[in-house]
Amino acid sequence: SCPLSSRCCGPPGAAPAMNCRAEVLEVSVEGRQVEEAMLAVLHTVLLHRSTGKFHYKKEGTYSIGTVGTQDVDCDFIDFAYVRVSSEELDRALRKAVGEFKDALRGSGSDGMGQISLEFYQKKKSRWPFSDECIPWELWTIKVNVVNLANEQERQICREKVGEKLCEKIINIVEVMNRHEYLPKMPTQSEVDNVFDTSLKDVQPYLYKISYQITDSLGTSVTTTMRRLIKDTLAL
Amino acid sequence: AMDTDLSSQDRKDLDKFIKFFALKTVQVIVQARLGEKICTRSSSSPTGSDWFNLAIKDIPEVTHEAKKALAGQLPAVGRSMCVEISLKTSEGDSMELEIWCLEMNEKCDKEIKVSYTVYNRLSLLLKSLLAITRVTPAYRLSRKQGHEYVILYRIYFGEVQLSGLGEGFQTVRVGTVGTPVGTITLSCAYRINLAFMSTRQFERTPPIMGIIIDHFVDRPYPSSSPMHPCNYRAGEDNGAVYPSVEDSQEVCTTSFSTSPPSQCVFTVTKAHFQTPPPVVTDTLKVPVLGLAFSHQLSSSRLSYQPAALGVGSADMGCPVLFAGGLNAAHPHQLIGPGKEGGVPPVPSQPAHGTQADQERMCTPLDGVHYSAATPSSSEDTETVSNSSEGKCGSPHDLLETIFIRKVGAFVNKPINQVTMANLDIPFAMFAPKNVELEDNDPMVNPPESPETESPLQGSLHSEGSSGSSTGNTHDDFVMIDFKPAFSKDDILPMDLGTFYREFQNPPQLSSLSIDIGAQSMAEDLDSLPEKLAVHEKNVKEFDAFVETLQ
């Protein structure tokens, strides 16, 4: 199963279901900016899609823990963003973004790819059928890695990408503000079908992260396929 | 007509939500313009009902200002709450940068559930506000404030005034939340015409020490709604007790919240002398006078005006840098700003009221202990009596002896021979008279510097020399000991302070003396033509080298 998901019950990058809204953002960045740019976008989305931990009490009521936030300064971009104060969540995102960055740098890649953050609900099925994952929101960030020739261009890129990311944050907030479909607040027995309750300090909606790299032929190759081919050739 | 559709409990809840939402909005905006990174902890167990399930600290002064502006009212149609962010330079020029508007329009959503949906959407809106406050141009400006300009805030209630933003200002909408009594909207109008100042301009110029003290003596804007620096603890309410935010004791009556909040608002009672404005103890710790004292130190090393101690910043004329960062792992530890002339990190403080504040006033800079000498105490000369902590009362109570003497690392004598304070410290005449051989030790008592004056030497010794020999005439207010931060003497017997003191009076560098200087300059000038010829010969090599750098 995909190591990048919080809970995985289906192939990553599957086509979104009918009621799933999809948002696409595009950025052009220099190689060393990929990680920070991705983290900025993913953390901003997850800031809006995470709550405090639920504590269920009698009579079906529950109380919600408190979400802390912190500022993050980027080193390679003139940009700062706010993320949820949760080291576990940060680690999970960094791991995913790190793999994405490595894949982008890998051979056969012409520097184009996309990373997706999908929020889904689980629908329990009876045996022998496995649980269904029903996505309800899909964020796709298309990345184009550029190579720069000299220090002056890099400096300009720092500023430009910073400005672009400001625009992306505003876009994300606009989407969040539409107050469109959100899963119903679950009962205690259903909470794991809606939220990721595995973290100790915050509770994001169930999510999975996947990515695709466009190889030089222009065709999309999923990560699993790439690994298979590479492993076969290595024999 | 709207009220009849809404149960009275719902109406009460809604009003409370809107009120606290307005207060939290102001906190988020002002905190985002302090110039520091903000960090709060997540807490899985809901021991306190942080409003909207978000950890947003409350700066009491800011809450106070917001409540003053609202005057018991809530945002309604035509009555908006506005937070104006502006910039003021050290020369006194000011410019409005942003207006954040919390407005209410007439579009009602009767179907929406107050205690649940409205509350959660207000929470989401605050998260959006956190994100958006970092992407407008004023954020980057505010992160660089302190040396040439400061960022101020002003809260007003009523009609939105956007005229001060210049031409072509842009608007960004943070979000809206529909309620049964109207739709709350939160937006920001920001200036884009930063004609006479750009962030780049401030990046290039080096910081100017001391400017904060010198230039911000006057309180700006005597108008009804005064400006407040985002990083300036207002001194106008000197000694005022900010009421504990009793309303925040109100619990969210929603089904998903439990016990009262745990926010600890620190109220200051008048101490023996004027106290600085109150600070919130378990949240944002402020070394209120720290930066001021570091400036005091650098300009007049050995003089110390206790009148400045505890005086509100307005009298000192200094908006002190507000080190508003919390380490996520240690919520009681303050992260000091890492700027030039910045305050060194302050260690964990106890979270208890006046004691903590008084301690902080007495030791405003970590590691610098202010005391003065009294003639009497001379018994224990080998140990330090750090009497400043916890003993602050009137300025006169600060007068206690503190002498340390450590052997220099290069001194060729056993430690136990050294029992007494060195003669070159101030108030030497009050020290016990069993001074030994230090007088003849050149490491301890360096030879007199030659008489030649260089501007460099002048600035280093201006106050020092006068202070040390005639220190006793300065009465009570002379710094006896300089105990720099982080200097521990467990490795070497000498600490940084001692080292510093001992090498304060180095002999004049020969190259700085005029005769020798003039001589070598003449030689240099003579050899120039030769050097130029050599360089011209190698011009091709240099050009190739420069090419490789492109």
Side-chain angles (χ1 to χ4, degrees), chain A residues 40 43-57 59-73 78-89 149-152 159 162-163 165-170 172-174 176-179 182 185 199-203, chain B residues 28 32 36-56 112 116-117 120-121 123-137 139-140 143 172-178 186 199-200 252 254-259 325-326 328-329 331 549-550:
Chain A
H43 268 304
T44 301
V45 172
L46 276 159
L47 168 68
H48 289 81
R49 293 286 179 250
S50 300
T51 76
K53 298 279 293 175
F54 282 13
H55 296 270
Y56 285 92
K57 300 175 286 191
E59 302 125 25
T61 60
Y62 60 94
S63 55
I64 307 183
T66 299
V67 172
T69 58
Q70 53 187 256
D71 279 307
V72 181
D73 286 341
D78 287 347
F79 186 72
Y81 61 94
V82 176
R83 71 167 172 90
V84 164
S85 287
S86 165
E87 295 313 309
E88 289 173 278
L89 186 63
N150 61 43
E151 205 49 47
Q152 198 188 11
E159 294 165 12
E163 287 167 25
L165 284 177
C166 288
E167 287 172 31
K168 301 307 162 197
I169 303 302
I170 294 175
I172 293 170
V173 162
E174 266 169 10
M176 297 299 178
N177 179 56
R178 287 186 210 145
H179 301 304
L182 281 178
M185 282 299 144
L199 296 130
K200 70 177 198 316
D201 43 16
V202 295
Q203 191 174 284
Chain B
V28 169
E36 299 299 332
K37 285 165 73 162
I38 304 295
C39 177
T40 59
R41 286 181 92 181
S42 300
S43 159
S44 74
S45 52
T47 49
S49 61
D50 286 304
W51 276 95
F52 309 105
N53 307 116
L54 284 173
I56 298 171
I112 203 168
Y116 170 76
T117 311
N120 285 330
R121 288 189 180 175
S123 174
L124 197 69
L125 187 51
L126 276 175
K127 291 173 178 174
S128 295
L129 182 63
L130 281 163
I132 297 287
T133 43
R134 273 65 178 172
V135 304
T136 53
Y139 181 71
R140 290 179 46 81
R143 288 293 298 268
V172 60
R173 179 197 275 197
V174 183
T176 62
V177 174
L186 186 52
T199 51
R200 285 200 204 97
C252 281
T254 55
S255 62
F256 52 85
S257 148
T258 52
S259 38
L326 267 185
L549 290 176
Q550 298 288 2

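With hydrogens and angles ignored, the 3.5 Å screen pairs a side-chain donor or acceptor of B:Ser42 with a backbone N or O of A:Ser85. The backbone N or O of A:Val67 lies less than 3.5 Å from no partner atom in the side chain of B:Asn53, so there is not a single donor-acceptor pair.
A distance of 7.5 Å separates CG of A:Leu182 from CG of B:Leu124, quoted to the nearest 0.5 Å. From B:Thr40, atom OG1 reaches atom CD of A:Gln70 across 8.0 Å, with rounding to the nearest 0.5 Å. In this structure, OG1 on B:Thr136 lies 8.5 Å from CD1 on A:Ile170, to the nearest 0.5 angstrom. Note that CG of B:Leu125 is 7.0 Å distant from NE2 of A:His179, once rounded to the nearest 0.5 Å. Put simply, OH on B:Tyr139 and OH on A:Tyr81 are 12.0 Å apart, with the number rounded to the nearest 0.5 Å.
Nearest heavy atoms, B:Ser44 versus A:Lys53: CB-CG, 3.7 Å. Closest approach of B:Arg134 and A:Asp71 over heavy atoms only: NE-OD1, 2.6 Å.
Partner B:Ser43 forms a side-chain contact (heavy atoms from CB on, under 4.5 Å) with one of A:Thr66, A:Val202, A:Asp201 and no other, that one being A:Thr66.
Using a 4.5 Å heavy-atom threshold, the side chains of B:Thr176 and A:Asn177 count as touching.
Contacts with chain B were tallied for A:Thr44, A:Ile169, A:Asn150, A:Val84; A:Ile169 has the most, counting heavy-atom pairs under 4.5 Å. Heavy-atom pairs under 4.5 Å with chain B peak, among A:Gln203, A:Met185, A:Glu151, at A:Met185. When each of B:Gly175, B:Ala32, B:Ser128 is checked for heavy-atom pairs under 4.5 Å with chain A, B:Ser128 comes out on top.
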